[in-house]
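By convention in this document, chain letters (A, B, ...) are assigned in the order of the sequence lines, proteins followed by strands, and residues within each chain are numbered from 1. Since this is a predicted model, take the numbers as computed values, not measurements.
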Protein chains: 2
Amino acid sequence: MSTTRGARQPTIKEVATLAGVSPMTVSRTLAGGVNVRPDLQARVMAAVRELGYYRNENARSLRPGQPSGLIGVAITNLANPYYGNFALGVEEVAAEHGRRIILGNTGEDAGRERQLVSDFIGRQVDGLILVPTSGEAAHLQPERLGDVPLVLASRRVPGLDVDTVLLDDVGGAYRGTIGLLDAGHTRIGFLGNRSSVFTGERRYRGYEQAMTERGAPVDPSIIARDQQDVDAASRAARAMLDHPEPPTAIFSANNRNTIGALREIGRRIRDGLPGPRPAVVSFDDFELSELMPVPVTIIDHDARLLGREAATLLFARLEGTAESKPNTVELPVTIEHP
Amino acid sequence: MSTTRGARQPTIKEVATLAGVSPMTVSRTLAGGVNVRPDLQARVMAAVRELGYYRNENARSLRPGQPSGLIGVAITNLANPYYGNFALGVEEVAAEHGRRIILGNTGEDAGRERQLVSDFIGRQVDGLILVPTSGEAAHLQPERLGDVPLVLASRRVPGLDVDTVLLDDVGGAYRGTIGLLDAGHTRIGFLGNRSSVFTGERRYRGYEQAMTERGAPVDPSIIARDQQDVDAASRAARAMLDHPEPPTAIFSANNRNTIGALREIGRRIRDGLPGPRPAVVSFDDFELSELMPVPVTIIDHDARLLGREAATLLFARLEGTAESKPNTVELPVTIEHP
DNA sequence: CCAATCGTTGGTAACGTTACCAACCGACAG
DNA sequence: CTGTCGGTTGGTAACGTTACCAACGATTGG
């Protein structure tokens with residue numbers, strides 16, 4: 001035998017019967033009560049409370065023109081605090097506009113992304129916010145999305161001209177690298193994503209630009225661009241520091257690579273291994289960076305704000321206040337010296 | 001002039017017309033195609049592709065007995081990586097069961113929680129997973145939820161007997177404290193949540209239990225239980241270390257307090273201030289804890305697994321395979337010495 | 001005193017979908 | 001040749017809601 005559960009959700013009809021009015025009067029009351037006699041409103045509200053009635057939002061959004069009140073959000077990795085903050089920013093702005101978010105995690109899998117987008121559209125979302133994976137993007141073309149507006153965050157998709165929020169990846173990486181060069185470093189290693197990842201490519205470009213501008217050699221043997229997780233980053237850092245001519249500083253293009261590099265550097269210090277104690281510049285913040293055994297410069301940014309901006313762009317589109325041409329917002333980053 | 005957008009979503013009727021069949025044949029085809037001639041199925045699928053048709057899940061779930069495929073999830077703070085991982089675990093299991101999650105952030109606000117739960121029910125969620133706030137819980141009583149099953153995570157709600165997943169807070173705090181006592185510490189400070197927070201209370205109990213069992217004095221002047229954020233935790237740690245008889249070790253009941261305490265300890269070390277360099281035991285993991293200037297013991301647990309377990313309980317309930325009595329799962333924690 | 005107007009209320013239809021039933025077809029057994 | 005049966009197809013109604021229109025009573029102006 002199953003557990004005793006409460007009854008199924010009551011309908012507007014039952015509320016109407018209990019209140020002794022028609023369903024229309026209930027509907028009007030719940031919609032704000034314009035042109036409904038106060039005493040009837042009171043009876044309706046009493047019936048609503050007594051039955052524990054909730055309006056069926058799905059049935060509601062069935063009527064043409066009615067928004068569903070849902071925003072579909074697909075991100076690549078919710079376990080990364082960066083994306084947790086991003087999702088929080090989106091959720092906040094959505095809530096301010098009386099919307100909820102449906103959240104999906106793609107895990108950098110284009111197939112899963114496609115599946116999520118289909119499902120979101122099937123659920124009649126009012127809009128989509130996506131941190132796109134690197135796969136092909138046929139399923140994101142406007143004609144496939146119907147009239148559902150899309151905002152991209154953090155990354156762009158080739159051949160897709162839509163509202164986008166980005167970080168100043170190039171500028172941040174450039175300025176971070178310049179900081180190292182100013183401090184006298186000339187041999188600077190690079191740890192980052194594979195170049196097919198949009199941010200990886202942009203951050204590398206900033207690094208490269210600073211290096212060549214200052215005439216510092218860009219040496220492929222201390223450039224590692226294929227690490228997505230901490231362990232791979234640790235290994236790459238190890239190889240770099242075991243290089244016959246090791247770098248005196250390391251530029252890390254993201255949080256995962258920073259943690260991996262510092263883990264390796266910390267290990268060498270603890271074990272008393274010889275070799276350089278490289279300065280580190282990290283794109284992405286992490287907590288207690290000021291307590292690291294080597295100086296760490298942070299290229300900081302606000303993921304939550306990024307989420308808020310993405311949602312703000314989306315609602316501008318939904319409310320028709322956006323320019324007709326796709327908008328791109330590029331958020332500044334700040335450099336925090338140790 | 002607004003942007004040119006694609007047409008609105010096509011309906012099953014339009015697909016049917018294009019394929020030259022009835023809507024029913026389209027519906028049957030999309031439902032798996034039992035008893036539909038293969039050539040008609042092919043025509044239907046071609047029309048679906050041509051029009052970019054997606055089934056309207058909201059209209060679908062309108063029919064009685066049909067699940068909406070949505071799980072409502074409300075957590076207290078998405079910015080905390082702990083809850084990001086939790087949400088990821090829930091999302092994974094939900095996806096394995098063909099469900100999506102609607103996510104809301106309560107920010108420890110009972111009113112917001114109530115609002116979110118109403119909205120979730122209005123959207124006909126198949127189930128609810130909640131990290132409850134500390135407020136009163138009338139809105140969570142079964143009769144208010146209708147037939148929507150509820151799973152609590154991380155915390156219990158007084159007077160609410162439902163499926164729950166918890167950590168072994170008491171045992172973890174006890175073992176962590178015992179570790180400090182074994183290492184010779186007797187004067188151990190406590191940093192944690194206010195006692196009205198369920199986990200704060202349980203972790204304090206584990207600490208207290210270990211202290212009294214070993215005859216160590218529980219001194220209220222080095223017990224601070226009212227910090228929710230890093231800055232408050234830093235201030236509490238500062239007061240504790242400025243105490244005329246400062247603790248030689250600190251037990252921190254959560255991530256936020258740990259970061260705050262270490263920030264203060266690091267500051268004192270950098271500034272060369274005198275006084276103890278307390279060992280730290282932290283309930284909740286954080287990255288690079290092994291690189292801290294004082295030894296940090298981690299009471300570790302798997303937030304993602306907690307999320308998975310919560311979702312697993314919920315689906316057991318939904319599929320009727322759960323025992324009729326509410327279930328409680330208490331996940332173990334591990335102690336990681338520095 | 002009647003007509004027009006306004007506030008209030010309810011009936012009907014429609015949103016997109018699918019369960020149910022009826023109808024049709026061909027094949028095959030008697 | 002007829003009856004039955006299984007596979008296939010379509011029509012109808014209903015899910016819960018609200019826009020629209022019709023109807024009603026009361027008030028007001030002429």
Report the nucleotide, chosen from D:dT8, D:dT18, D:dC15, that has the shortest atom-to-atom distance to any side-chain atom of A:Ser27.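 Given the options D:dT8, D:dT18, D:dC15, the side chain of A:Ser27 is closest to D:dT18.
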
Nearest to the side chain of A:Thr11 - C:dT17, C:dC15, D:dT17?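 Nearest to the side chain of A:Thr11 among the choices is D:dT17.
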
Main-chain N/O of [Y] paired with [X] side-chain donor or acceptor, under 3.5 Å:
X        : Y        : value
A:Arg317 : A:Glu323 : yes
B:Asp163 : B:Val151 : no
B:Asn85  : B:Ala303 : no
B:Arg308 : B:Glu91  : no

Let me know the distance between [atom1] of [X] and [atom2] of [N], rounded to the nearest Å.
X       : N      : atom1 : atom2 : value
B:Leu30 : C:dG16 : CG    : P     : 16 Å
B:Leu51 : C:dG16 : CG    : C1'   : 15 Å
A:Asn58 : C:dT17 : CG    : C1'   : 13 Å
B:Lys13 : C:dA14 : NZ    : P     : 9 Å
A:Leu62 : D:dA14 : CG    : C1'   : 12 Å
A:Asn56 : C:dT17 : CG    : C1'   : 14 Å
B:Glu57 : C:dC15 : CD    : C1'   : 16 Å

Which heavy atom of A:Leu30 sits nearest a heavy atom of A:Arg55, and at what distance?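 For A:Leu30 and A:Arg55, the tightest heavy-atom pair comes out as O-NH1, 3.8 Å.
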
OP1 or OP2 of [N] versus the side-chain N and O atoms of [X]: is any pair under 4.0 Å?
X        : N      : answer
B:Arg55  : C:dT18 : yes
A:Tyr53  : D:dT17 : yes
A:Thr25  : C:dG10 : yes
A:Gln124 : C:dG16 : no

Taking any heavy-atom pair under 4.0 Å as a contact, classify [X]: base, sugar-phosphate, or nothing.
X       : answer
A:Arg37 : sugar-phosphate
B:Asn35 : base
B:Arg60 : sugar-phosphate

Compare all side-chain heavy atoms of [X] with those of [Y] and state whether any distance is below 4.5 angstrom.
X        : Y        : result
B:Asp126 : B:Arg99  : yes
A:Leu318 : A:Pro149 : yes
A:Leu331 : A:Val165 : no

Hey, which of these two, B:Val34 or A:Ile12, hits DNA chain D nearer its 5' end, going by closest nucleotide?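 In this pair, the answer is B:Val34.
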
Which residue lies toward the 5' end of DNA chain D, B:Leu40 or B:Arg63, if each is placed at its nearest nucleotide?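 Result of the comparison: B:Leu40.
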
Would you check if there is a donor-acceptor pair between the side chains of A:Glu108 and A:Thr133 at a distance under 3.5 Å?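 Note: A:Thr133 and A:Glu108 side chains miss the donor-acceptor criterion.
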
Report, one pair per line, the protein and nucleotides 23-25 of chain D atoms (nitrogen or oxygen only) whose separation is under 3.5 Å.
none

Please name the residue in the list B:Val117, B:Ile129, B:Leu160 that meets the side chain to side chain contact (heavy atoms under 4.5 Å, CB included) test with B:Leu150.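 Output: one option passes, namely B:Leu160.
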
At under 4.0 Å between heavy atoms, which parts of nucleotides 20-26 of chain C does protein reach? Answer with one letter per nucleotide, 5' to 3': B base, S sugar-phosphate only, - none. B------

